[in-house]
Trainee: 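Shown below is the structure under consideration.
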2 protein chains.
Amino acid sequence: MDIGNPRYKNQGIHVVCTLFTVRDGEVKVLLVQRSNKPYTDKWMLPSGAVYNDEDCETAMKREMIEKTGISGIYVEQFHTFSNPKRSPLMRMIAVGYIGIVNSENIKIKKKTEKTQNSEWFNLADVPCDLAYDHREILLEAIEIMKKRIMKTPIVRSLLPKYFTLPELQNVYEAILNKKFDRRNFRKKFLQLNLIENTGLMQDIKGHRPANLYKFIGTDEYDVDIF
Amino acid sequence: MDIGNPRYKNQGIHVVCTLFTVRDGEVKVLLVQRSNKPYTDKWMLPSGAVYNDEDCETAMKREMIEKTGISGIYVEQFHTFSNPKRSPLMRMIAVGYIGIVNSENIKIKKKTEKTQNSEWFNLADVPCDLAYDHREILLEAIEIMKKRIMKTPIVRSLLPKYFTLPELQNVYEAILNKKFDRRNFRKKFLQLNLIENTGLMQDIKGHRPANLYKFIGTDEYDVDIF
DNA sequence: GTATAATGTGTATGTAAGACACAAAGGTTC
DNA sequence: GAACCTTTGTGTCTTACATACACATTATAC
């Protein structure tokens with residue numbers, strides 16, 4: 001192999017993470033605000049270079065810790081973006097990941113070496129002029145997340161360890177932006193055998209408390225609190 | 001951005017194509033045999049470097065023409081492989097694509113600048129010691145192809161312009177390695193509204209000829225005959 | 001104890017999937 | 001041309017799943 005061939009010299013590999021959460025019935029995505037050139041002050045999806053001794057998933061998790069302080073997230077690769085003009089600096093492709101977390105107990109870093117701020121944005125409030133091609137990446141991630149939400153364990157990490165069926169239903173309704181019949185939703189989800197009733201009750205005032213459920217099996221996707 | 005940082009210097013981007021076909025009721029994959037180091041004489045999936053002025057899909061199609069002479073194929077990205085040790089030469093990630101073609105009328109190049117041979121292999125006959133991590137890539141591609149075969153237009157390119165329903169069923173049976181009931185298969189496929197009866201009849205001797213069908217809509221995935 | 005606010009439950013209907021057997025078309029053979 | 005061979009083409013019944021829909025229950029607040 002002709003490593004120095006100018007046709008494919010100076011290529012770079014980035015990872016980019018679209019991290020979603022649901023709070024107050026709204027789907028939100030985590031963005032960070034740049035402090036450096038290019039795209040100074042623009043918002044972007046958390047992203048960064050892959051080191052030569054890492055695979056992309058490892059790099060993505062390291063970047064998330066460095067730029068946002070969030071660790072232990074479950075992510076899935078969804079698409080690799082390779083438009084040759086996507087970065088003005090150099091030839092850079094981006095391997096895209098999707099993640100979902102329960103943001104209730106997560107404190108995000110606001111300021112880091114390369115970022116001046118970080119925020120959860122409602123999808124409707126995301127600025128149009130994200131850095132690089134991150135708007136395109138985000139739009140594709142939203143579509144794919146909707147498709148996967150019914151098919152992969154991605155939703156586990158959105159809920160606390162114990163949750164009620166109405167809470168679960170609210171999450172699906174927020175993400176898919178549609179309403180479900182309560183009886184049908186419960187019937188369908190329960191027969192999937194993914195969750196079980198703990199026998200515990202929700203601690204709430206003002207109305208009948210709901211049963212608490214938990215996902216059957218692993219707790220491997222628990223999110224560490226930073 | 002610190003372009004010269006040794007932590008992410010000298011990275012390379014490859015594309016790799018798992019091109020399937022079905023012939024004589026068997027699923028086959030196209031492999032090429034290397035002539036250069038490393039992995040001299042080993043078989044591999046067609047693959048190559050992405051140039052700095054191309055996106056990955058363009059590079060993949062160019063590589064296929066250069067290494068196999070096959071053009072005009074429809075492909076879908078499926079996964080990016082990034083194990084830091086996957087290439088012994090340098091840090092190299094591979095963006096993986098899946099394609100399917102009707103190989104009946106395709107003549108493949110046998111010898112090129114970097115390859116000494118190319119062949120369609122039955123899946124059971126693929127050598128275990130493919131170059132790089134191509135065995136792993138192939139195994140993942142097979143799984144994903146099986147899932148997508150029912151959901152994307154990928155199967156269009158496997159059949160000639162006009163085909164019979166039994167031919168279509170044979171293709172699905174070969175790929176999924178299971179038998180379908182003829183009546184149920186026809187009922188299901190016809191109600192998808194993807195194909196239409198042309199009114200023409202198959203030209204065959206020895207038994208009742210079948211109706212010829214065609215895919216509704218575009219011919220955009222026609223494969224050029226080289 | 002009465003009102004309020006949410007949870008929890010069963011049935012009936014429509015739609016898609018899966019199992020299953022025989023007639024029809026064309027060619028070949030005698 | 002009659003009988004036979006090979007493959008295509010077709011309908012119904014059963015089962016599972018998706019959808020539509022209304023009322024009783026549990027707790028708190030007043």
Trainee: Not counting sequence neighbours, which residues clear side chain to side chain contact (heavy atoms under 4.5 Å, CB included) with Asp129(A)? List them please.
Mentor: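 Asp129(A) satisfies side chain to side chain contact (heavy atoms under 4.5 Å, CB included) with Lys42(A), Pro127(A) once adjacent residues are dropped.
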
Trainee: According to the ring-ring contact (aromatic ring centres under 6.0 Å, His included) rule, which pairs have a member within residues 181-205 of chain B, sequence neighbours left out?
Mentor: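 Every ring-ring contact (aromatic ring centres under 6.0 Å, His included) pair that includes a residue of residues 181-205 of chain B, provided the two are not neighbours, is Tyr172(B)-Phe185(B), Tyr172(B)-Phe189(B), Phe180(B)-Phe185(B), Phe185(B)-Phe189(B).
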
Trainee: So what is the 5' to 3' dot-bracket string for DNA chain D, if pairs are Watson-Crick or G-U wobble with both distances under 3.5 Å, crossing pairs use [ ] and | means the partner sits on another strand?
Mentor: ||||||||||||||||||||||||||||||

Trainee: Can you list, by residue number, the residues of residues 179-191 of chain A that have a non-hydrogen atom closer than 4.0 angstrom to DNA chain C?
Mentor: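 Contacts with DNA chain C under 4.0 Å: Arg182(A), Arg183(A), Arg186(A), Lys187(A).
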
Trainee: Could you list the donor-acceptor pairs under 3.5 angstrom formed by side chains in residues 202-210 of chain A, with sequence neighbours left out?
Mentor:
from: Gln202(A); atom 1: OE1; to: Ala210(A); atom 2: N; distance (Å): 2.9

Trainee: Using a cut-off of under 3.5 Å, enumerate the N/O to N/O pairs linking the protein to nucleotides 26-30 of chain D.
Mentor:
from: dT26(D); atom 1: O4'; to: Arg208(A); atom 2: NE; distance (Å): 3.4
from: dT26(D); atom 1: O2; to: Arg208(A); atom 2: N; distance (Å): 3.4
from: dT28(D); atom 1: O3'; to: Gly206(A); atom 2: N; distance (Å): 3.4

Trainee: Is the shortest side-chain heavy-atom distance between Arg186(B) and Pro166(B) below 4.5 Å?
Mentor: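 Arg186(B) reaches Pro166(B) side chain to side chain.
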
Trainee: Taking 5' to 3' order, which nucleotide of DNA chain C is first and which is last to have an atom within less than 4.0 Å of a heavy atom in chain B?
Mentor: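 So the outermost contacting nucleotides come out as dA17(C) to dG27(C).
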
Trainee: Output the rounded distance in Å from OH (Tyr213(B)) to P (dT8(D)).
Mentor: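 Whole-Å distance recorded here is 12 Å.
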
Trainee: For the residue pair Leu176(B) and Lys146(B), establish whether any side-chain heavy-atom pair is separated by less than 4.5 Å.
Mentor: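 The answer is yes; the side chains approach within 4.5 Å.
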
Trainee: Using the rule given for side chain to side chain contact (heavy atoms under 4.5 Å, CB included), can you reason through Val16(B) versus His79(B), listing the C-alpha separation, both sets of side-chain angles and the distance that settles it, and then say yes or no?
Mentor: CA-CA 10 Å; Val16(B) 53; His79(B) 191 77; over 6 Å; no

Trainee: Regarding Glu66(B) and Thr112(B), is there a side-chain donor-to-acceptor distance under 3.5 Å anywhere?
Mentor: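 No.
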
Trainee: Near DNA chain D, under 4.0 Å by heavy atom, which residues of residues 164-176 of chain A?
Mentor: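 Going residue by residue through residues 164-176 of chain A, none turns out to have a heavy atom under 4.0 Å of DNA chain D.
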
Trainee: Is there side-chain contact between Leu165(A) and Tyr213(A), with heavy atoms separated by less than 4.5 Å?
Mentor: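 Side chain of Leu165(A) against side chain of Tyr213(A), heavy atoms only: contact under 4.5 Å found.
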
Trainee: Glu119(A): which residues meet the side chain to side chain contact (heavy atoms under 4.5 Å, CB included) condition with it, sequence neighbours left out?
Mentor: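 Here the qualifying residues are Trp43(A), Lys110(A), Asn117(A), Phe121(A).
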
Trainee: For Glu57(A) and Lys61(A), run salt bridge (charged side-chain N to carboxylate O under 4.0 Å, His left out): C-alpha distance rounded to whole Å, both residues' side-chain angles, the deciding distance at 0.1 Å, then the answer.
Mentor: CA-CA 6 Å; Glu57(A) 189 165 323; Lys61(A) 291 184 171 175; 3.6 Å; yes

Trainee: Can you check salt bridge (charged side-chain N to carboxylate O under 4.0 Å, His left out) on Lys178(A) and Glu173(A), steps first, answer last?
Mentor: CA-CA 5 Å; Lys178(A) 67 192 254 200; Glu173(A) 290 181 344; over 6 Å; no

Trainee: With sequence neighbours excluded, what pairs up with Glu54(A) under the salt bridge (Lys or Arg N to Asp or Glu O under 4.0 Å) test?
Mentor: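 Once residues adjacent in sequence are excluded, the partners of Glu54(A) under the salt bridge (Lys or Arg N to Asp or Glu O under 4.0 Å) criterion are Arg62(A).
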
Trainee: For Glu136(B), which residues count as a salt bridge (Lys or Arg N to Asp or Glu O under 4.0 Å) partner, sequence neighbours excluded?
Mentor: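 Checked Glu136(B) against salt bridge (Lys or Arg N to Asp or Glu O under 4.0 Å); zero matches.
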
Trainee: Using OP1 and OP2 only, check whether a side-chain N or O of Asn211(B) sits under 4.0 Å from dG9(D).
Mentor: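 Yes, because at least one side-chain N or O of Asn211(B) sits under 4.0 Å from OP1 or OP2 of dG9(D).
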
Trainee: Is the shortest side-chain heavy-atom distance between Ile65(B) and Thr68(B) below 4.5 Å?
Mentor: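 Side-chain contact under 4.5 Å: no.
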
Trainee: Donor-acceptor pairs under 3.5 angstrom involving side-chain atoms of residues 21-34 of chain B: please list them, not counting sequence neighbours.
Mentor:
from: Thr21(B); atom 1: OG1; to: Val101(B); atom 2: O; distance (Å): 2.6
from: Thr21(B); atom 1: OG1; to: Ser103(B); atom 2: N; distance (Å): 3.2
from: Thr21(B); atom 1: OG1; to: Ser103(B); atom 2: OG; distance (Å): 3.2
from: Arg23(B); atom 1: NE; to: Ser103(B); atom 2: OG; distance (Å): 2.9
from: Arg23(B); atom 1: NH2; to: Ser103(B); atom 2: OG; distance (Å): 3.2
from: Lys28(B); atom 1: NZ; to: Asn122(B); atom 2: OD1; distance (Å): 2.8
from: Gln33(B); atom 1: NE2; to: Asp41(B); atom 2: O; distance (Å): 2.9
from: Arg34(B); atom 1: NE; to: Pro38(B); atom 2: O; distance (Å): 2.7
from: Arg34(B); atom 1: NH2; to: Lys37(B); atom 2: O; distance (Å): 3.4
from: Arg34(B); atom 1: NH2; to: Pro38(B); atom 2: O; distance (Å): 3.0

